[in-house]
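Here is how names work: the chains are called A, B, and so on, in the same order as the sequence lines, proteins then strands, and each is numbered from 1. Atom set for the values below is all heavy atoms of this structure, side chains included, hydrogens, waters and symmetry mates excluded.
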Protein chains: 2
Amino acid sequence: MTSDPDTGELASELRVVLGQLIRRLRTEHAFPISQGAVLGRLDREGTSSIGRLAEAERMRPQSMAQMVADLEAAGLISRRPDPSDARRSLVELTRQGRDTLEADRRDRASWLAGAIDGELTPSERRRLAASVELLRRIAER
Amino acid sequence: MTSDPDTGELASELRVVLGQLIRRLRTEHAFPISQGAVLGRLDREGTSSIGRLAEAERMRPQSMAQMVADLEAAGLISRRPDPSDARRSLVELTRQGRDTLEADRRDRASWLAGAIDGELTPSERRRLAASVELLRRIAER
DNA sequence: TATTGTTATACTCTATAACTATA
DNA sequence: TATAGTTATAGAGTATAACAATA
């Protein structure tokens with residue numbers, strides 16, 4: 001039954017469940033999902049420009065500019081001009097941004113963490129963790 | 001490394017990758033994700049009312065009414081009054097709705113199906129299919 | 001009074017178009 | 001001319017508030 005699944009059907013089912021999860025997350029989670037993605041990327045890859053962030057997250061530069069403005073207003077990132085190219089802004093995590101990211105990663109009380117802990121056995125949690133890697137490869141395609 | 005993962009960190013990573021996937025899907029996919037969810041539910045569970053659909057998909061009745069109106073305008077569902085309670089509308093798939101759902105399930109050329117086929121090995125596809133079940137249990141919590 | 005659904009309106013996230021400043 | 005970013009505006013998807021019809 002789970003062996004040799006038809007890819008079209010798998011895609012269709014995955015899409016449905018992703019939609020349901022993201023709707024729950026949007027209402028239950030404290031800050032927008034893609035803000036977390038940007039904070040995580042800045043943490044892993046260090047200082048970046050707005051255009052590079054937009055490309056990495058597959059968003060339009062205009063949308064990323066808006067997000068960067070919001071994150072800056074919230075004090076989670078800082079921005080300074082690129083000394084070698086005055087058109088460019090260099091963006092990096094503030095101390096508060098790093099703390100927010102850390103707090104999120106430690107948050108076992110979030111809706112999603114609670115659902116994972118409450119619904120899955122330890123061995124299922126390990127399987128889920130392994131499949132996150134598969135999902136990431138698909139997303140980055 | 002993937003054994004005994006911290007649930008908070010797992011939740012944080014899962015959230016990021018779900019956000020990235022959903023953004024890709026929203027731009028690449030033909031029709032809205034949650035419309036597909038409703039069509040699939042009507043297919044599996046048969047005729048339903050708007051309130052019951054809203055509850056099952058964890059949406060507000062007002063939002064579901066809007067979606068049902070859109071799906072009806074697209075010819076994918078039909079609606080008739082409940083004979084035993086004139087307040088209630090009974091909603092069901094039309095032939096065209098069933099065909100659309102079937103076509104989506106067979107669509108190996110969608111962005112997601114293409115990414116799954118192109119990026120994952122057969123054994124990884126089986127692991128992903130198995131993890132969809134885990135994600136569904138979390139989403140339905 | 002409580003329930004089912006609708007209409008009107010607003011919010012969040014992201015897109016497109018038009019623009020400014022710099023290269 | 002081309003590139004990096006911003007501002008203004010629009011769209012999709014879902015929410016809240018106010019309401020009408022029926023139970």
- [ ] With the side chain counted from C-beta on, respond yes when B:Val38 and B:Val68 share a heavy-atom pair under 4.5 Å apart, and no when they do not.
- [x] no
- [ ] Considering only heavy atoms of chain A and a distance under 4.0 Å, specify the first and last nucleotide of DNA chain C in 5' to 3' order that meet this criterion.
- [x] C:dC13 to C:dA23
Task: Protein-nucleotide distance (B:Arg60, atom CZ; D:dT14, atom P), rounded to Å - done: 13 Å
- [ ] Specify the residue among A:Ala86 and A:Ser63 whose closest nucleotide of DNA chain C lies further upstream toward the 5′ end.
- [x] A:Ser63
Open item on the list: So which atom in B:Arg105 and which in B:Gly40 form the shortest heavy-atom distance, rounded to 0.1 Å?
Closed with: NH2-CA, 4.3 Å
Task: Shortest non-hydrogen separation from B:Thr94 to B:Ile77 and the atoms involved - done: CG2-C, 3.4 Å
TODO: Examine distances only and state if a side-chain atom of B:Thr100 and a backbone atom of B:Gln96 form a donor-acceptor pair shorter than 3.5 Å.
DONE: yes
- [ ] Run the salt-bridge test on A:Asp6 and B:Arg106 with the 4.0 Å N-O cut-off and return the result as yes or no.
- [x] no
Open item on the list: Could you tell me how far apart A:Leu53 (CG) and D:dA4 (C1') are, to the nearest whole angstrom?
Closed with: 13 Å
Open item on the list: Need to verify one output field. Residue with the more 5' nearest nucleotide on DNA chain C, A:Arg87 or A:Arg26?
Closed with: A:Arg26
Task: Nearest heavy-atom neighbours spanning B:Arg58 and B:Ala139 - done: NE-O, 3.9 Å
- [ ] Quickly work out the B:Gln62 CD to D:dT16 P distance and round it to whole Å.
- [x] 8 Å
Task: A:Arg79 side-chain N/O to D:dT6 phosphate OP1/OP2 under 4.0 Å - done: yes
Task: Between P of D:dG5 and CE of A:Met67, the distance in whole Å - done: 14 Å
TODO: Please name the pair of heavy atoms, one in B:Ala113 and one in B:Asp107, separated by the smallest distance, quoted to 0.1 Å.
DONE: CB-O, 3.6 Å
Task: Whole-Å distance separating the CG atom of B:Leu71 from the P atom of D:dG13 - done: 11 Å
Open item on the list: How many whole angstroms separate atom CD1 of B:Ile22 from atom P of D:dA12?
Closed with: 17 Å
- [ ] Ignoring backbone atoms, test whether B:Ser34 places a side-chain nitrogen or oxygen under 4.0 Å from the OP1 or OP2 oxygen of D:dT14.
- [x] yes
Open item on the list: Distance check needed: D:dA12 C1' versus B:Gln35 CD, whole Å only.
Closed with: 11 Å
Task: Value in whole Å for how far the C1' atom of D:dT3 lies from CG of A:Asp85 - done: 8 Å
